[in-house]
Peer 1: 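The following block contains the structure, expressed as structure tokens.
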Amino acid sequence: MNMLNKIWFSYKNKITQNCTDDFVADTSLAYWQNRLFAASVVYIIPLSLVAIIPGIYIAYITELKWLIVSDIIAMLTILIVAFAPGLSVFVRKLLFNSVLYLTSLALLIYLGSFGPGLLYLLGISIFIVLSLDKKYGYIAVGLNTLICMVVGVFIYYEIGTIEILSQYGLGTWIAVSTNLIFLSAVSAALIPILFEGLQTAIVKENKLRTDLQYEQAKLKSSVEELHQKNKELEQFSYTISHDLKEPLRMIRNFMELLERKYGDQLDEKAHNYIHYATDGARRMAQSIDDLLEYSRIGRLYNNVEEVDLNSMITEIMEPINSKDNPESVRIEYSDLPRIEAVPICMKMILQNLITNGIKYQPKGQQPEIKISAKEHDKYWEFAVADNGIGIEDEYQEEVFNLFRRLHTRDHYAGSGMGLAISKKIVEQHGGEIWVESKPGDGSTFFFTIQKNMDKK
Ligand code: ADP
């Protein structure tokens, strides 16, 4: 079986090689016409072997010697078409079609004008339009007309074999052969229209595909460029932050020195000035640290793990509860899920939202925080609600911007970075963050985290 398969494949490959043209693009009509021609040659050889043996036997017992001769010529020519080296595809096609004509003439002459020869003529004209340029289709129609006229003349003048003359007479022949010519002409005219339509569609699709590939490549390189730029930017802000902290440290150190060494010579005003300068430097250092944190988020993204949110909140609440009176904050949460996320990032968001909920309260009010989760098909939705001062409608988007604060430091301390960091983290986790709030009525911060984050 394996051996037979091998022989069949090398036979098929050889013919396909000879009967197709490597230089024709596989999206062109000519390519598929060649493939059809090659496939016809591949299958016609074994099929005609099967047909020719009983044909030769019948021709032998009925003494139709010329039919045997034409069978043999046809077979040899097809073998030349299939295997002879150095012939162009076009010449092979011409030879192949000549064989078909020869066969149909032999059939007309020996099996009669109303026999299979007529069907052959129609078949050839269809095959010609399928495998060659459309002008050869019209040549085939002309040839068919010529052959039918010659047979008509034979019938009229009673020349030739009894089979050609037949018992039906000239009138019937004209009726039958006109139909044959009509059908050949219809196929010569219509098949190329179908082909041209298909060809245009293929070209269009091809162009669309190339355009798409081009756009995709462009997009890919833009994304890569963006990643690169982002990395550079992160590196840049990292370096700058480090450099900026150095002079700040100097300001604080010298202020301390000033206070220690000359403190007793300075009046209260000077002490206040030193305090403002030190506090400013401290806050600036805090802002720089926050900025550093912000630029670090992109790099943290690679460490996705399973995170248990319940124990994470317990962990966050520990220092808050031990610092203040344990009863001072009421926090409610239960049955929070385990999710795929970057642990340190999840901790940052929850910590930011919880501490904000505790911080932005009217004086003397006991903070109440409620944390809940809702499962959706593709993501988790979390809500952190507080009973604090709330946020005006017009600021509910702005609060997520870098350094955006709604209150002065005298009222509520802070750097304006917490929500910007939370937003960046949520976006890294394929989610969104937003707030619903009414001034005086508390705020609820919502955020979503995409499920099935890749673990890297
Ligand atoms: P910070 O708290 O350091 O100022 P954030 O980015 O966390 O910075 O918050 C930005 C601003 O949004 C805050 O200054 C505050 O005005 C407002 N805000 C944040 N959380 C709340 C909250 N739970 N209730 C009321 N206002 C809030």
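Remember, it's 1-based here, ligands and their atoms both numbered in the order they're listed. Excluded from the calculations below are hydrogen atoms, water molecules and symmetry mates; all remaining heavy atoms, backbone and side chain alike, are included. Only a predicted model underlies this, so the values are computations on that prediction, with no experimental measurement involved.
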Peer 1: Does a side-chain N-to-carboxylate-O contact under 4.0 Å join Glu315 and Lys347?
Peer 2: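 Salt bridge present between Glu315 and Lys347.
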Peer 1: Quick one: look up the protein heavy atom nearest atom 17 (C) of ligand 1 and list residue, atom name and how far away it is.
Peer 2: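 Answer, as residue, atom name and distance: Val399 CG1, 3.9 Å.
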Peer 1: Which heavy atom of the protein is the closest neighbour of atom 4 (O) of ligand 1, given with residue, atom name and distance?
Peer 2: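 Nearest neighbour among protein heavy atoms for atom 4 (O) of ligand 1, to 0.1 Å: Arg405 NE, 2.5 Å.
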Peer 1: Hey, which atoms in ligand 1 end up nearer than 4.0 Å to a heavy atom of His407?
Peer 2: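 Listed by number with element: 15 (C), 16 (O).
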Peer 1: Considering non-hydrogen atoms of the protein only, which is the closest contact for atom 23 (N) of ligand 1, and what is the distance?
Peer 2: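 Of the protein heavy atoms, Asp386 OD2, 2.9 Å lies nearest.
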Peer 1: Just checking His407: does its NE2 atom have more than 12 heavy atoms from other residues, nucleotides or ligands closer to it than 6.0 angstrom?
Peer 2: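 Atom NE2 in His407 is packed in, count exceeds 12.
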Peer 1: May I ask whether Phe445 has any heavy atom positioned less than 4.0 angstrom from an atom of ligand 1?
Peer 2: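 In this structure, Phe445 qualifies as a contact of ligand 1 - some heavy atom is under 4.0 Å.
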Peer 1: For atom 8 (O) of ligand 1, what is the closest protein heavy atom, and at what distance to 0.1 Å?
Peer 2: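 The closest heavy atom on the protein side is Gly416 CA, 3.2 Å.
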Peer 1: If you measure from the Lys or Arg side-chain nitrogens to the Asp or Glu carboxylate oxygens, is any gap between Arg249 and Glu246 under 4.0 Å?
Peer 2: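 Here Arg249 pairs with Glu246 in a salt bridge, since their nearest N and O are under 4.0 Å apart.
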Peer 1: If you count the atoms of ligand 1 from 1 in the order shown, which ones are under 4.0 Å from a heavy atom of Gly418?
Peer 2: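 Within the 4.0 Å cut-off of Gly418, ligand 1 contributes 5 (P), 6 (O), 7 (O), 8 (O).
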Peer 1: State the atoms of ligand 1, each with its element, that fall below the 4.0 Å cut-off from a heavy-atom position in Gly390.
Peer 2: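 In order of number, 25 (C).
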Peer 1: Heavy-atom contacts with Lys359 under 4.0 Å: which atoms of ligand 1 show up? List them by number with element.
Peer 2: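 Answer for ligand 1: 1 (P), 2 (O), 3 (O).
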Peer 1: Do the side chains of Asp289 and Lys245 get close enough for a salt bridge, i.e. N-O under 4.0 angstrom?
Peer 2: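 Counted as a salt bridge, because a side-chain N and a carboxylate O are separated by less than 4.0 Å.
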Peer 1: Could you tell me if Glu268 and Asn272 have a donor-acceptor pair between their side chains, going purely by distance under 3.5 Å?
Peer 2: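 Checked: Asn272/Glu268 side chains show no N/O donor-acceptor pair below 3.5 Å.
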Peer 1: Starting from atom 6 (O) of ligand 1, what is the nearest protein heavy atom, named by residue and atom, and what distance separates them?
Peer 2: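 Nearest neighbour among protein heavy atoms for atom 6 (O) of ligand 1, to 0.1 Å: Leu419 N, 2.7 Å.
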Peer 1: Considering only heavy atoms of Met417, which atoms of ligand 1 have at least one such atom less than 4.0 Å away?
Peer 2: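 Matching atoms, with element in brackets: 6 (O), 8 (O).
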Peer 1: When you measure from the heavy atoms of Gly388 to every atom of ligand 1, does any distance fall below 4.0 Å?
Peer 2: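 No, Gly388 has no heavy atoms under 4.0 Å from ligand 1.
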Peer 1: Could you tell me whether the side chain of Arg338 reaches within less than 4.5 Å of the side chain of Val307, counting heavy atoms only?
Peer 2: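 Not in contact.
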Peer 1: Check for me whether Ile391 has a heavy atom closer than 4.0 Å to any atom of ligand 1.
Peer 2: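 Judged by the 4.0 Å heavy-atom criterion, Ile391 does count as contacting ligand 1.
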Peer 1: Under 4.0 Å from any heavy atom of Leu406, which atoms of ligand 1 are there?
Peer 2: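 In order of number, 14 (O), 16 (O).
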Peer 1: Less than 3.5 Å apart, any donor N or O on the side chain of Ser311 or Asp308 sitting next to an acceptor on the other?
Peer 2: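 Present: a donor and an acceptor within the cut-off.
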Peer 1: So, applying side-chain contact (heavy atoms from CB on, under 4.5 Å) with Phe382, which one of Leu309, Ile349, Ile371 is it?
Peer 2: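 Answer after filtering Leu309, Ile349, Ile371: Leu309.
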Peer 1: Using a strict cut-off of less than 4.0 Å between a Lys/Arg side-chain nitrogen and an Asp/Glu carboxylate oxygen, indicate whether Glu392 and Lys438 qualify as a salt bridge.
Peer 2: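 Not counted as a salt bridge, because no side-chain N and carboxylate O are separated by less than 4.0 Å.
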Peer 1: Within a distance under 4.0 Å of any heavy atom of Ser443, pick out the atoms of ligand 1 and give their elements.
Peer 2: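 Near Ser443, meaning under 4.0 Å from one of its heavy atoms, ligand 1 has 24 (N).
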Peer 1: Using a 6.0 Å distance limit plus a 45 degree cone around the ring axis, check whether Lys374 lies over the aromatic ring of Trp380.
Peer 2: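 Relative to the ring axis of Trp380, which defines the angle, Lys374 lies outside at least one limit.
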Peer 1: Counting C-beta onward and ignoring hydrogens, is there a side-chain heavy-atom pair between Arg92 and Asn18 closer than 4.5 Å?
Peer 2: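 They are in side-chain contact.
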Peer 1: Return the closest protein heavy atom for atom 20 (N) of ligand 1 as residue, atom name and distance.
Peer 2: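 Answer, as residue, atom name and distance: Asn356 ND2, 3.3 Å.
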Peer 1: Identify, for atom 2 (O) of ligand 1, the protein heavy atom at the shortest distance, and state residue, atom and that distance.
Peer 2: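 Looking at atom 2 (O) of ligand 1, the protein heavy atom closest to it is Tyr360 OH, 2.7 Å.
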Peer 1: Identify the closest protein heavy atom to atom 10 (C) of ligand 1: which residue and atom is it, and at what distance?
Peer 2: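 Looking at atom 10 (C) of ligand 1, the protein heavy atom closest to it is Arg404 O, 3.2 Å.
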